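Before we start, here is the structure in question, set down as structure tokens.
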2 protein chains.
Amino acid sequence: MIEERRERADAARNRRAILRATEELLARHRPEQISMEQVAAAAGVGKGTVFHRFGSRMGLMVALMQERAYALEEAVASGPPPLGPGAPPEERLTAFLDAIVDVVGRNKGLLAALGHAATATPRPEWKEQNGHRDGGDSADSADHAPGSRDGHPVYRFWHGHTSTLIAARRPDLDGELLAHILLGSLQSEPVLRLLERGEASRLAASLRVMAAGMLASPAPT
Amino acid sequence: MIEERRERADAARNRRAILRATEELLARHRPEQISMEQVAAAAGVGKGTVFHRFGSRMGLMVALMQERAYALEEAVASGPPPLGPGAPPEERLTAFLDAIVDVVGRNKGLLAALGHAATATPRPEWKEQNGHRDGGDSADSADHAPGSRDGHPVYRFWHGHTSTLIAARRPDLDGELLAHILLGSLQSEPVLRLLERGEASRLAASLRVMAAGMLASPAPT
DNA sequence: GGACAACTGGACCGTCGGTCAAGTACGTTC
DNA sequence: GAACGTACTTGACCGACGGTCCAGTTGTCC
């Protein structure tokens, strides 16, 4: 099989510049307020370049999110407890929620933007002309089929892990859905605003309360 | 004092037509996918009329939501228990969450759309049926004071009621935030999808689990 | 150093939310 | 029932934005 040529040096430089510019913009504005032209300008490249590399607005966000979430994914899969394997489910869940709050807090509303982009992309189909290899694995990053998408990989991983932990402790509950609910709260405006005000720990605390209450043994009544 | 004149007959007719058309469109599509032109066409009026009556995309959504939520507000304030006053907080909360799931289920994603629009709208306040002068001031885009707007009235009411009920039973918790988390889940994509598949009762059940776990007396640990 | 593909940039397109000035018709008053 | 003031209606128009296209540039391989 033909191994892909190495990414050209200038392309790599620009890709990094775009990602960095986006991060910077994201630190100051909500994702919906950032236009692709702004990103291009901030990165010092043409708009076409941005689209060439990332395919679409959402592609950019996904790529960025993926990068940010990578470390967490690693830590969960093979890091030390309580985040990694080895600790009891409730402790792992707590640690995981804390970690997620941290990631989301440093990327205001990115998650939310992704969630909506999923529905909002009017894109009927995806032209396969893009050499879409953003920072490594992207086996499935191209499957933006409107029908089949359950969210992007990062969300899928977060949700899968959360619901697994819930199910481990309380198989009688609807872990799948509870995980969506827990994670879904990170998309809401008021919560985002809280994060913007730097009250991440307050959010983490309440999330812990919810998780604990839910995992506690069934009410004696 | 001059009373506001009655709404003109044609205006009333058009307002109803617009609201109805929006509802109809909303039954088939997500709010973000509906363009104002579409609404106007479906209602059989000019685009200008829609904007004249509702001020903006969000104004329309708010008006619609308000109408839908009115009955619930009444029931909570002065209806029979468990929704109305008289029942213990946990029962009222459960009933209230069920009712909200029902309302949201019949208005796909409206809440979510509002939540997001909240950040994007320049419209500071909206009187029910106002002679609304929208020309002239173009300085309005500067007035979204990030602190002052906590979402639209409907959300404020829902949140206020929820957090009050939580606080009544568990004053030691961060009821404000927990209410946002609970309500926020109704904005997330996966949950919306669930609702679209008609699994509202499944959602209601899980919400009850969360609420119950949270209101249960503090863990003995 | 030559050839070729990958990459780049920005003019361009269609759509959308929102505006406006001119026209229309409702309700009132005599 | 005619005349009148005004609330209401309209659709062309505007600026912005996401996304496309392709001619020109540049890095890489031989």
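Everything quoted here is computed from the prediction, not taken from an experiment. Within every chain, numbering begins at 1; the chains are lettered A, B, ... in the order of the sequence lines, protein sequences first and strands thereafter.
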Inset, instruction - Using whole Å, report how far CE of A/M58 lies from C1' of D/dC17. - result: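 Going from CE in A/M58 over to C1' in D/dC17 covers 19 Å.
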Legend entry - Nearest-neighbour nucleotide for the A/K47 side chain, C/dT8, D/dG19, D/dA12 considered: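 Among the listed nucleotides, the one closest to the side chain of A/K47 is D/dG19.
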Inset, instruction - Would you classify A/I34 as touching base, sugar-phosphate or nothing, given that sugar-phosphate means primed atoms plus P, OP1 and OP2, and contacts are heavy atoms under 4.0 Å? - result: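 It contacts sugar-phosphate atoms only.
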Legend entry - B/E37 CD - C/dG14 P separation (whole Å):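 Going from B/E37 (CD) to C/dG14 (P), I get 15 Å.
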Inset, instruction - Provide, to the nearest angstrom, the distance between the CZ atom belonging to A/R30 and the C1' atom belonging to D/dC17. - result: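 These atoms are roughly 20 Å apart.
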Inset, instruction - Quick one: sort the A/F157 and A/F96 rings into parallel, tilted or perpendicular, breaks at 30° and 60°. - result: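 Judged by the thresholds at 30° and 60°, the geometry between A/F157 and A/F96 is perpendicular.
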Legend entry - Phosphate contact (C/dT8 OP1 or OP2) by A/N14 side-chain N/O below 4.0 Å: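 Result: yes.
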Inset, instruction - From the options C/dG17, D/dG27, D/dG18, select the nucleotide whose nearest atom is closest to the side chain of A/F51. - result: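 From the listed options, D/dG18 comes nearest.
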Legend entry - Within 6.0 angstrom of A/R197 CZ, more than 12 heavy atoms from elsewhere: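 Yes, the 6.0 Å shell around CZ holds more than 12 heavy atoms from other groups.
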Inset, instruction - Kindly say if A/T49 contacts the phosphate of C/dC7, meaning a side-chain N or O under 4.0 Å from OP1 or OP2. - result: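 So the side chain of A/T49 is outside the cut-off, no N or O lying under 4.0 Å from OP1 or OP2 of C/dC7.
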Legend entry - Candidate pair B/E196 and B/R30, rule salt bridge (charged side-chain N to carboxylate O under 4.0 Å, His left out), full reasoning: CA-CA 10 Å; B/E196 266 166 21; B/R30 295 286 180 82; 2.5 Å; yes
Inset, instruction - Among the candidates C/dA6, C/dG18, D/dC8, find the nucleotide nearest to the side-chain atoms of A/R8. - result: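 Between C/dA6, C/dG18, D/dC8, the one nearest the side chain of A/R8 would be C/dA6.
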Inset, instruction - Pick base, sugar-phosphate or nothing for A/S35, based on heavy-atom distances below 4.0 Å to the nucleic acid. - result: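 If one applies the 4.0 Å heavy-atom cut-off, A/S35 turns out to touch the sugar-phosphate alone, with no base involved.
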Legend entry - Residue B/A11, side-chain heavy atoms: nucleotide from C/dG18, D/dC8, C/dC7 that is nearest: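 In terms of side-chain proximity for B/A11, the closest of C/dG18, D/dC8, C/dC7 is D/dC8.
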Legend entry - Polar side-chain atom of A/R57 near backbone of A/M36 as donor-acceptor pair, under 3.5 Å: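 No: the side chain of A/R57 does not pair with the backbone of A/M36.
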Inset, instruction - Please report, rounded to the nearest Å, how far the P atom of D/dC13 is from the CE atom of B/M36. - result: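 My rounded result for the distance is 21 Å.
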